[in-house]
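One structure is given here, and the rest of the page talks about it.
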There are 2 protein chains.
Amino acid sequence: MLKLTKKADYGLMAMKHLAEHSNHGACSAKDVAEAYGIPHEALAKILQRLAKVGLVRSQHGMNGGYTLTRDPKMISAFEVIKAIDGPLFITSCVTVRGECDQSDRCTIREPLRKVNESIEQVLKNIKISQMKEEPEIIDLVKQEEKKPGDRKPAELITIS
Amino acid sequence: MLKLTKKADYGLMAMKHLAEHSNHGACSAKDVAEAYGIPHEALAKILQRLAKVGLVRSQHGMNGGYTLTRDPKMISAFEVIKAIDGPLFITSCVTVRGECDQSDRCTIREPLRKVNESIEQVLKNIKISQMKEEPEIIDLVKQEEKKPGDRKPAELITIS
DNA sequence: TATAACTCCGACTCTTTCGGTCGTATTTAG
DNA sequence: CTAAATACGACCGAAAGAGTCGGAGTTATA
């Protein structure tokens, strides 16, 4: 549960790959797919959606492929995921149109909406350029787990 | 995407309902289901899973039903969700056994694992007793959205 | 200029998971 | 013993997922 789809995974991998190879010109979908062992036609479709929202630029013909349109420091993981999988809502109650459809007494809607916003912010603050294998760059969580019995007045999650 | 299942939604609603009616004795699955307009047999199956992990206690026979086993202040949303939907992993790469199965060059595994931990902590800090319709109790996010072009050196997400 | 190679693009099918239903057995109060 | 409630398993339809196929467009090269 609560996992993002393989498409989003592939999209993030491809964006990172393009960021690392931006100096070598465009990368074809086939090249990226073979580099990570994923079906290249599935990844092509993902890159198409990224091109449609303007995150990458597609280039037809020989030696064509995809290039980033922005500095990878300015592209968040949230943008990539949202482009591929659509808007994210943690709860099934909150739809695009706003409210619960089946029960007007859904009393947990507001707290979960807050959680949803929190997750969005976490993903918005992760940039493609940070997607390296250096975990110390990203310090997402700066707190220990809860201990039942004490109420911590203020907890912190620091990002970057 | 990134939404938790309806079962988890129902489970959280039921837990909150039990927390509010703990002084009236046990609540039957049918009562809870009718209160929120959800099929009572689907909710019964959810409550069974919650009973199996010990979050609620079931009582057979007439005037039976379900009761919480702990103080609702000590039950986190994470426990409920995990009991219903299983362990959560934000990325498909990270399985229960640990690693990517298809590609050993999945370079985004570690950053996403950090994101995953962050989300877990957010959910662990939301208690059933906090699931009221008073949004000011829970202040999950304390920042505005990003503006492409400025780099905020340190961002904060404050919890409770 | 014309051909051919290489790329992107959109529609389609198949599989898996989710949500919900039904039926039967078990337990308990009256 | 009967009524009311949970416990448990199997089953079915719907929906979203992952992947595949052929076609359209573009550029290099002879």
Side-chain angles (χ1 to χ4, degrees), chain A residues 1-11 13-14 18 25-34 36-67 81 84-89 91-93 95-96 101-103, chain B residues 1-11 13-14 18 25-34 36-67 81 84-86 88-89 91-93 95 101-103:
Chain A
M1 64 136 285
L2 207 61
K3 68 174 62 170
L4 45 93
T5 61
K6 276 187 182 176
K7 293 181 182 180
D9 272 356
Y10 294 163
M13 282 192 243
L18 293 182
C27 296
S28 71
K30 192 180 176 185
D31 292 341
V32 179
E34 288 177 351
Y36 300 100
I38 57 184
H40 57 281
E41 309 192 352
L43 189 133
K45 208 166 62 172
I46 294 166
L47 285 168
Q48 289 165 25
R49 306 190 68 165
L50 294 177
K52 190 168 267 181
V53 299
L55 284 173
V56 300
R57 179 173 302 278
S58 63
Q59 182 71 11
H60 283 229
M62 287 188 69
N63 294 101
Y66 296 92
T67 51
I81 295 171
I84 297 174
D85 285 341
L88 61 88
F89 296 110
T91 170
S92 313
C93 286
T95 70
V96 183
D101 48 351
Q102 56 179 353
S103 99
Chain B
M1 66 135 287
L2 205 64
K3 68 173 65 171
L4 45 94
T5 61
K6 275 188 181 177
K7 293 181 182 179
D9 271 356
Y10 293 164
M13 283 192 242
L18 293 182
C27 296
S28 71
K30 192 179 177 185
D31 291 342
V32 179
E34 288 177 351
Y36 300 100
I38 57 184
H40 57 280
E41 308 190 351
L43 189 131
K45 214 165 54 170
I46 293 167
L47 285 167
Q48 288 166 24
R49 304 190 70 165
L50 294 177
K52 192 170 266 182
V53 299
L55 284 173
V56 299
R57 179 173 304 278
S58 63
Q59 182 71 13
H60 283 232
M62 286 187 69
N63 293 102
Y66 296 91
T67 50
I81 295 170
I84 296 174
D85 285 341
L88 62 89
F89 297 109
T91 171
S92 313
C93 288
T95 69
D101 46 354
Q102 55 181 351
S103 99

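Quick note on labels: first sequence line is chain A, next is B, and so on, each numbered from 1.
In this structure, A:Y66 atom OH and D:dG25 atom C1' are separated by 12 Å, rounded to whole Å. Atom CD in B:E41 sits about 12 Å away from atom C1' in C:dT24, given to the nearest Å. For the pair A:K45 NZ and C:dC9 P, the interatomic distance rounds to 14 Å; values are reported in whole Å. Protein atom NZ of B:K6 is 14 Å distant from nucleotide atom C1' of C:dT17, rounded to whole Å. In this structure, the CD atom of B:Q48 is 16 Å from the P atom of D:dA5, given to the nearest Å. Rounding to whole angstrom units, CZ of residue B:R49 and C1' of D:dT6 are separated by 17 Å. With rounding to whole Å, A:H40 atom NE2 is found 11 Å from D:dG19 atom C1'. Per the geometry, NZ belonging to B:K7 stands 14 Å off C1' belonging to D:dA14, to the nearest Å.
Between atom CD1 of residue B:I46 and atom NZ of residue B:K6 there is a gap of 11.0 Å, rounded to the nearest 0.5 Å. For the atom pair A:T5 OG1 and A:I84 CD1, the distance stands at 7.0 Å (nearest 0.5 Å).
Of the candidate nucleotides C:dC8, D:dA7, C:dT21, C:dC8 has the atom lying nearest to any side-chain atom of A:H60. Of the candidate nucleotides D:dA3, C:dG10, D:dT26, D:dA3 has the atom lying nearest to any side-chain atom of B:M62. Closest contact between the side chain of A:Q59 and the listed nucleotides D:dT27, D:dA7, C:dG19 involves D:dT27. For B:T5, the listed nucleotide lying nearest its side chain is C:dC18; candidates were C:dG20, C:dC18, D:dA7.
Contact of the B:Y66 side chain with the B:C27 side chain is not registered, since no non-hydrogen atoms from C-beta on lie closer than 4.5 Å. Counting heavy atoms from C-beta outward, A:L18 and A:T67 have side chains that stay 4.5 Å or more apart. You'll find the side chain of B:K7 stays beyond 4.5 Å of the side chain of B:Y10, heavy atoms only.
Under 4.0 angstrom from either OP1 or OP2 of C:dC9 there lies at least one side-chain N or O belonging to A:S58. Not one side-chain nitrogen or oxygen of A:S28 sits closer than 4.0 Å to the OP1 or OP2 atom of C:dC6.
Residue contacts shown for B:A29 are limited to sugar-phosphate atoms, with no base heavy atom under 4.0 Å away. Looking at heavy-atom distances under 4.0 Å, B:A44 makes no contact with the nucleic acid at all.
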